[in-house]
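Structure, as structure tokens:
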Amino acid sequence: MLTATACASDDEGETTSGGVPLVAKGTLTTCTHLPYPPFQFERDGKVVGFDVALIDRVAKELGVKQKIVDTPFENFKTGAFLNSGECDLAAAGMTITDERKKNVDFSVPYFDATQALLATAKSKVTSLAGVKTGKRTLGAQSGTTGESHAKEQGFDPVAFESSDAVLNGLRTGQVDAVVIDYPVVQSWLKDPANAQAFRLGEHIQTGEQYGISVKKGNDKLRAAIDKVIKESRADGGYNRIYEQWIGPLPQDQG
Ligand code: GLN
């Protein structure tokens, strides 16, 4: 039987009553890479979004508060910040891939994503094929699945460090089109200035699924995250945060 009190395992960290190790006492520390709307971005000085809301539920389950740390995207592949004890988990609209699984453990999938092509209106490009035939410049976010997809299709996309930089590359005309996760494009296009300047092109069905990553072997935390994902899908909590941050629920979703 679990006891109600948490016990400190060392000076800084703690193990919750459920046996989940935490790198900082009273805190579930999340590493992310800002901004990645609608999953995590700053609004009125606060980091908010779909992933933030989901991990808040995990923190609640553990009886602690979530703290968010902004880290370079490269960390998500190597798991360095998890191994060094900087963060308990990473939540970054991050796709579960076999390559990443070599370095980190993933929760059950919590989001189905696709890639999208977004182009400047004046380029008139609507597809990757069109980028090629029109000899247009393509951009992507460094280290992401969008970048890998473009490379697999024979492109050598201009690499940007963050989603912000990707958007800026389009705005300044450094690139004519970009490949990036569709939900991010959707969120950009809510801004009338973006909707006017850019056009949504093809949807690329990559079959991607997002997962929350933890340090390899941190099964206790992974199990707690899985439990929250499954429970929130069952109790309607998932749908509520989906509608709040993403939009109307897809037809095929319960
Ligand atoms: N889903 C993409 C990936 O995992 C992009 C994630 C991100 O840029 N935060 O590579």
Side-chain angles (χ1 to χ4, degrees), residues 29-43 47-55 66 68-82 86-87 89-118 128 138-153 155 157-170 175 177-189 200 202-214 225 229 241-242 245-247 250:
T29 313
T30 297
C31 268
T32 197
H33 184 57
L34 295 170
Y36 211 62
F39 300 99
Q40 45 269 313
F41 59 103
E42 277 178 81
R43 196 164 68 189
V47 181
V48 295
F50 183 90
D51 288 356
V52 177
L54 187 66
I55 302 304
Q66 178 180 198
I68 299 174
V69 181
D70 191 19
T71 53
F73 193 75
E74 179 64 16
N75 270 336
F76 299 105
K77 195 177 92 187
T78 64
F81 54 93
L82 297 171
E86 197 179 327
C87 292
L89 58 85
M94 183 184 13
T95 305
I96 301 169
T97 69
D98 288 340
E99 203 200 348
R100 292 171 183 169
K101 273 191 203 161
K102 289 180 193 155
N103 299 323
V104 297
D105 285 345
F106 280 100
S107 68
V108 291
Y110 69 90
F111 193 90
D112 294 332
T114 55
Q115 295 290 322
L117 187 95
L118 185 71
L128 278 176
L138 186 67
Q141 188 185 322
S142 176
T144 62
T145 47
E147 182 187 57
S148 319
H149 180 79
K151 286 183 176 169
E152 279 159 23
Q153 301 301 309
F155 291 90
V158 177
F160 296 97
E161 277 312 309
S162 64
S163 68
D164 249 11
V166 170
L167 184 58
N168 212 39
L170 265 185
V175 291
V178 298
V179 184
I180 194 160
D181 293 19
Y182 175 57
V184 175
V185 168
Q186 258 182 315
S187 117
W188 287 345
L189 291 177
L200 173 63
E202 72 179 321
H203 236 126
I204 306 162
Q205 303 291 340
T206 46
E208 288 174 56
Q209 291 187 304
Y210 293 168
I212 305 298
S213 70
V214 299
I225 299 167
I229 293 173
I241 64 171
Y242 193 103
W245 297 107
I246 314 291

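Each ligand, and each atom within it, is numbered from 1 in the order the structure gives. Excluded from the calculations below are hydrogen atoms, water molecules and symmetry mates; all remaining heavy atoms, backbone and side chain alike, are included.
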Distance-only N or O hit between ligand 1 and G143, under 3.5 Å:
no

Does F76 offer a backbone N or O that forms a donor-acceptor pair with the side chain of R100 under 3.5 Å?
no

Does D70 reach the main-chain N or O of L34 with its side chain, forming a donor-acceptor pair under 3.5 Å?
yes

Return the closest protein heavy atom for atom 5 (C) of ligand 1 as residue, atom name and distance.
Y36 OH, 3.2 Å

Heavy-atom distances under 4.0 Å decide this one: backbone, side chain, both or neither, for F39 against ligand 1?
neither

Would you mind listing which atoms of ligand 1 come within a distance below 4.0 Å of any non-hydrogen atom of Q141?
8 (O)

Contacts of S187 meeting side chain to side chain contact (heavy atoms under 4.5 Å, CB included) (sequence neighbours excluded), chain-then-number -> P37, P38

Contact with ligand 1 for E147, non-hydrogen, under 4.0 angstrom
no

Atom pairs and distances, donor-acceptor, side-chain atoms in residues 160-170, under 3.5 Å, two or more places apart:
{"from": "S162", "atom 1": "OG", "to": "A165", "atom 2": "N", "distance (Å)": "3.2"}
{"from": "S163", "atom 1": "OG", "to": "P35", "atom 2": "O", "distance (Å)": "2.5"}

Give a yes or no on whether the backbone of V52 and the side-chain of Q66 come within a donor-acceptor separation of less than 3.5 Å.
yes

Could you check whether any side-chain N or O of H203 sits under 3.5 Å from a backbone N or O of A116, counting only pairs where one atom can act as donor and the other as acceptor?
no

For ligand 1, which atoms sit closer than 4.0 Å to a heavy atom of Y210?
1 (N)

What is the nearest protein non-hydrogen atom to atom 6 (C) of ligand 1, stated with its residue, atom name and distance?
G93 O, 3.2 Å

Which one holds for Q209 and ligand 1: side chain close, backbone close, both close, or neither close, with close meaning a heavy atom under 4.0 Å?
neither

Test your reading of the model: is there a side-chain donor-acceptor pair from T30 to the backbone of I68, 3.5 Å cut-off?
no

What orientation do Y110 and F50 show, parallel under 30°, tilted 30 to 60°, or perpendicular over 60°?
parallel

Interfacing atoms of ligand 1 (cut-off 4.0 Å, heavy-atom, M94):
4 (O)

Below 3.5 angstrom, do we get any N/O pair linking T144 and ligand 1?
no

Any idea which atoms of ligand 1 are less than 4.0 Å away from a heavy-atom of A92?
6 (C), 7 (C), 9 (N)

At under 4.0 Å between heavy atoms, what of D181 touches ligand 1? The answer is side chain

